[in-house]
Amino acid sequence: MRNWMPRQWAVALAVTLLAALVIGVPTGVIPTSLFARMTAVLWWNYPVWALSSLLMGLLAATYAAGRQSPMESRPRSVRALAGGVLSALAVGCPVCNKLVVLALGMSGAHTYWAPAQPILALVSLGLLTHALVRRLRSADACPLPVAESNPTTTMSNR
């Protein structure tokens, strides 16, 4: 990451902020008039929300360096997507998730889902960290080729 270009840091910042909004607003971690959370935000929701957003931003920035083959990005993209979805489920209100309430009922959401949320948070952070580390290792091992400039090619030759 110390060799990252300013463009990659800009992408990391933009995606971190976007992920923080996408996860924070619908889960009620960021208080808005759009959504009312039925249970209080717990203390551990904030660090999980912040770390998840940061990891998503850094992971996205690794893809801003250049092109790569679709085969290289797929497994890490799946881990990153799973990590992001689990982050939203982990910091979300246990009784506001309609799928959870439909599957478990209100009492089941409090009894079974709420205690599972810290585990989901750890799994989410683990998946995002794993995807980022694997992506950073492969980026160092296989640097992207630098496009050669051809001074003979001009717009009039094309």
**OP:** Please tell me if the side chains of Gln117 and Leu42 come closer than 4.5 Å, counting only heavy atoms from C-beta onward.
**Re:** no
Original post:
Looking at residues at least two apart in the chain, or sitting in another chain, which of them share a ring pair (Phe, Tyr, Trp, His ring centres under 6.0 Å) with Trp44?
Top reply: none
Original post:
Is it true that a side-chain atom of Gln8 and a backbone atom of Ala64 form a donor plus acceptor pair closer than 3.5 Å?
Top reply: no
Original post:
In terms of hydrophobic clustering (I, L, V, M, F, W, Y; side-chain heavy atoms under 4.5 Å; direct or indirect links), are Met106 and Leu102 co-clustered?
Top reply: no
Original post:
When hydrophobic residues are tied together by side-chain contacts of less than 4.5 Å, even through go-betweens, does Trp49 share a cluster with Leu34?
Top reply: yes
**OP:** Report yes or no: do Val22 and Ile30 belong to one cluster of Ile/Leu/Val/Met/Phe/Trp/Tyr joined by side chain heavy-atom distances under 4.5 Å?
**Re:** no
**OP:** Specify the closest pair of heavy atoms between Leu58 and Trp4, including all atoms of both residues, with the distance to one decimal.
**Re:** O-CH2, 3.5 Å
Subject >> Contact summary for Val29 and Pro31, nearest pair of heavy atoms >> reply: O-CD, 3.4 Å
Original post:
Are Leu17 and Trp9 connected in a single hydrophobic cluster, I mean Ile/Leu/Val/Met/Phe/Trp/Tyr linked by side-chain heavy atoms less than 4.5 Å apart?
Top reply: no
Original post:
Within a strict 4.5 Å, meaning less than it, do heavy atoms of the Tyr63 and Val11 side chains meet?
Top reply: no
Original post:
When hydrophobic residues are tied together by side-chain contacts of less than 4.5 Å, even through go-betweens, does Leu13 share a cluster with Val15?
Top reply: no
**OP:** Compare every heavy atom of Leu125 with every heavy atom of Thr129, then report the nearest pair and how far apart it is.
**Re:** OG1-O, 2.7 Å
Original post:
At what distance, to the nearest 0.5 angstrom, does CG of Leu122 lie from CG of Leu127?
Top reply: 11.0 Å
**OP:** Mind checking the CG-CG spacing from Leu54 to Leu59? Nearest 0.5 Å is all I need.
**Re:** 11.0 Å
Subject >> Interatomic spacing from CG in Leu51 to OG1 in Thr16 - rounded to 0.5 Å >> reply: 11.0 Å
Original post:
For the residue pair Ser52 and Ser124, what are the closest heavy atoms and their distance?
Top reply: OG-OG, 4.1 Å
Original post:
Between the side chain of Trp113 and the main-chain N/O of Gly108, is any donor-acceptor distance below 3.5 Å?
Top reply: no
Subject >> Close side-chain approach of His110 and Thr39, heavy atoms under 4.5 Å >> reply: yes
